[in-house]
Amino acid sequence: MTSNAFYKTAKELAELGLAGLPSEMKSSDHLIYSSPATLYFNSPGAKGFGVKRAGLAVPESVMLLVSPGCCGRNTSLFRSAPEYKDKFFFQLLDDTDIVTGRHLTKIPEACEEILTVLDKKPSAIMICITCVDALLGTDMERICKKVTERTGLPAVACYMYALTREKRLPPMAAVRTAVYSLLEKDEKVPQDMNIMGYFSPLFNSSEIYPLMKSIGIKNIREIARCKTFDEYKEMSRANFNLVLNPEARAAAQDIQERLGIPFIELLRLYRPEKIHNQYKLLGNALGADIDDSSYYEKTKKVIREFKEKHGAVSFSVGEIQNGDPIDISLMLLEEGFKVPEIFATIGELNYRLLRPLAELSPDTKIYSNLSPTMMFYEEEKVDMYIGSDCKYYHPDTPGIEWCDDKQPFGYDAVIKLFEQLDQNTKKR
């Protein structure tokens, strides 16, 4: 094994092409290195919204986690939070269960037992299963039907299958489909829309709310803002869904097929010109004129003032954050900053940004967080970092993790990014 962390420069990757990505940058081609920098998203106990926490996005629901003790132990961290009190229940599997599958006959009984210890009847039971049942080939649709017959409650399966991470429908895309699956067909309201993509709400200050209101939208619903199951069911009345995260695309397609609600997909971008262009295209799709000029000008002003105050800061940009590292890096370079290194997973969506990035900074090093060679990483000298993984690699450097539960979007995301950077920048 090499004694150096593997990387490719932006110029080298741009020349290789997406099909020519080196094996070190394909997690399916090698052992995965789970450093503290990557455990955030590569672990059953991941912070943020893993499958278990995400499954409880359905208001007033509870979850039965059916798993060996090793998979369920991390969930105890969530149970300490007040909002998850009486939300998680466990059905632990022993060796005999795993070999024979006898635990499957106990799931309806376990769900019925949950109802006896609750003061209030839940809206639904989310049944979270693990790789054990993936390998057994468990028919969860049949199991959920039996649970509903036994309890009178809708039951929905959530699949915590690490084995499917590289598949067409990875766990976090599948669980988004699951949490919207209880919506039923209803009369459409032309002035209603849903925002899909995240399990926590956008910041209240996001310009997307007033911009949508300005073109006649009256009700904007997000699953994270639904306090009751009745409020959740009102999402079925939307005239269209606005999808802000590619992982919610499958859920939006399912809703379109089942409920006849079309969707429009936007990306979370950090380049002001691209944000402006995206709003223009959204307006065209909706047959309306979206005037975002004041937000655009404010964003450019915030960036300009940061640069005047701190100079051409050099950044280390990571991938464990609320944004795409290649997109954010390209924005920083276009605004006159420096990006010596990036930690990123390169895929079809962000590869298209590599060529313009390489033109601005051909020597930028791009590392794969999941490569075992990262144990040999040697710290690059930078002024600031963006991303939780960068905090691990640059423990003595100022920066921001930029991965809170509340989701930034649009111009508001760029403004908040630079405001937080300004607050965390040491005088150089």
Side-chain angles (χ1 to χ4, degrees), residues 5 33-50 53-54 74 77-78 80-81 172 197-206 224 244-245 247 268-271 302-303 306 310 313-333 335 337-345 350 364-370 374 377 379-428:
Y33 172 52
S34 286
S35 72
T38 62
L39 282 174
Y40 191 102
F41 66 88
N42 193 43
S43 160
K47 296 179 183 179
F49 282 86
R53 188 181 175 199
N74 300 292
L77 298 173
F78 294 137
S80 62
M172 292 311 295
Y198 304 109
F199 298 107
S200 52
L202 303 184
F203 279 102
N204 291 334
S205 54
S206 176
L244 305 185
N245 185 329
E247 289 186 327
R268 175 158 55 192
L269 305 172
Y270 280 82
R271 301 155 72 192
V302 168
I303 298 173
F306 179 90
H310 300 290
V313 176
S314 63
F315 288 94
S316 172
V317 180
E319 64 181 321
I320 306 176
Q321 45 122 324
N322 289 324
D324 181 89
I326 305 298
D327 177 57
I328 287 184
S329 298
L330 184 52
M331 177 273 291
L332 292 169
L333 291 167
E335 297 295 341
F337 301 101
K338 300 173 183 176
V339 183
E341 66 176 13
I342 304 171
F343 303 95
T345 299
N350 62 9
T364 292
K365 299 175 181 178
I366 300 177
Y367 295 91
S368 170
N369 262 324
L370 300 180
M374 286 305 294
Y377 170 79
E379 187 174 351
E380 181 96 19
K381 181 171 176 53
V382 294
D383 299 316
M384 296 201 75
Y385 68 80
I386 300 171
S388 288
D389 44 345
C390 291
K391 182 180 181 181
Y392 169 73
Y393 294 122
H394 297 276
D396 300 318
T397 301
I400 59 174
E401 296 188 53
W402 196 237
C403 59
D404 293 337
D405 272 358
K406 280 192 176 179
Q407 296 296 318
F409 186 82
Y411 296 117
D412 186 60
V414 185
I415 291 170
K416 280 187 167 53
L417 176 73
F418 279 96
E419 286 177 345
Q420 289 193 26
L421 287 170
D422 180 54
Q423 294 168 10
N424 288 275
T425 303
K426 295 178 182 176
K427 291 184 179 180
R428 298 183 289 122

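We count residues from 1, following the sequence as given.
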Checklist outcome for this item: Tightest non-hydrogen contact, residues D383 and T397, listed as O-CG2, 3.5 Å

Item to check | Geometric cation-pi criterion K416 and F203, 6.0 Å radius, 45° cone | outcome: yes

Next on the checklist: Walk me through whether I386 and L421 qualify under side chain to side chain contact (heavy atoms under 4.5 Å, CB included).
Outcome noted: CA-CA 8 Å; I386 300 171; L421 287 170; 4.1 Å; yes

Checklist entry - Looking only at atom types and distance, does a side-chain atom of N369 sit under 3.5 Å from a main-chain N or O of D389, one as donor and one as acceptor? => result no

Checklist entry - Does a donor on one side chain and an acceptor on the other come within less than 3.5 Å for E319 and T345? => result yes

Checklist entry - Is a side-chain donor or acceptor of D324 paired with a backbone partner of I326 at a separation under 3.5 angstrom? => result yes

Item to check | Backbone N/O of Y270 and side chain of D327: donor-acceptor pair under 3.5 Å | outcome: yes

Item to check | side chain to side chain contact (heavy atoms under 4.5 Å, CB included) between L417 and W402, intermediate numbers included | outcome: CA-CA 8 Å; L417 176 73; W402 196 237; 3.8 Å; yes

Checklist outcome for this item: For R268 and G323 the tightest heavy-atom approach is NH2-N, 3.9 Å

Next on the checklist: Determine whether a donor-acceptor pair (N or O, by modelled atom type, separation under 3.5 Å) exists between the side chain of S314 and the backbone of K338.
Outcome noted: no

Item to check | Verdict with supporting geometry, Q321 and I328, side chain to side chain contact (heavy atoms under 4.5 Å, CB included) | outcome: CA-CA 10 Å; Q321 45 122 324; I328 287 184; 3.2 Å; yes

Next on the checklist: How close do E341 and H394 get, counting heavy atoms only, and between which atoms?
Outcome noted: OE2-NE2, 2.5 Å

Next on the checklist: Can you confirm if the aromatic rings of F337 and F306 lie within a centre distance of less than 6.0 Å?
Outcome noted: yes

Checklist entry - Between E401 and K391, does a salt bridge (charged side-chain N to carboxylate O under 4.0 Å, His left out) hold up when you go through it step by step? => result CA-CA 7 Å; E401 296 188 53; K391 182 180 181 181; 3.2 Å; yes

Item to check | F199 side, atom CZ; Q407 side, atom CD - distance, nearest 0.5 Å | outcome: 10.5 Å

Next on the checklist: For I400, is there any backbone N or O sitting under 3.5 Å from a side-chain donor or acceptor partner on N424?
Outcome noted: no

Checklist entry - Between Y367 and Y377, how do the two ring planes meet: parallel, tilted or perpendicular, split at 30° and 60°? => result perpendicular

Checklist entry - Quick one: CG on N245 to CZ on F409, what's the gap to the nearest 0.5 Å? => result 10.0 Å

Checklist entry - Where is the tightest heavy-atom contact between M374 and A5, given as atom of each residue plus distance? => result SD-CB, 4.0 Å

Checklist entry - Which atom names give the shortest non-hydrogen contact between P325 and G318, and what distance separates them? => result CB-O, 3.3 Å

Checklist outcome for this item: P395 and E379 have their tightest heavy-atom pair at CD-OE1, 4.3 Å

Item to check | Any donor-acceptor pair under 3.5 Å from Y198 side chain to L244 backbone | outcome: yes

Item to check | Under 3.5 Å donor-acceptor, T364 side chain and V339 backbone | outcome: yes

Next on the checklist: Test side chain to side chain contact (heavy atoms under 4.5 Å, CB included) on Y393 and F343; report intermediate values, then the result.
Outcome noted: CA-CA 10 Å; Y393 294 122; F343 303 95; 3.5 Å; yes

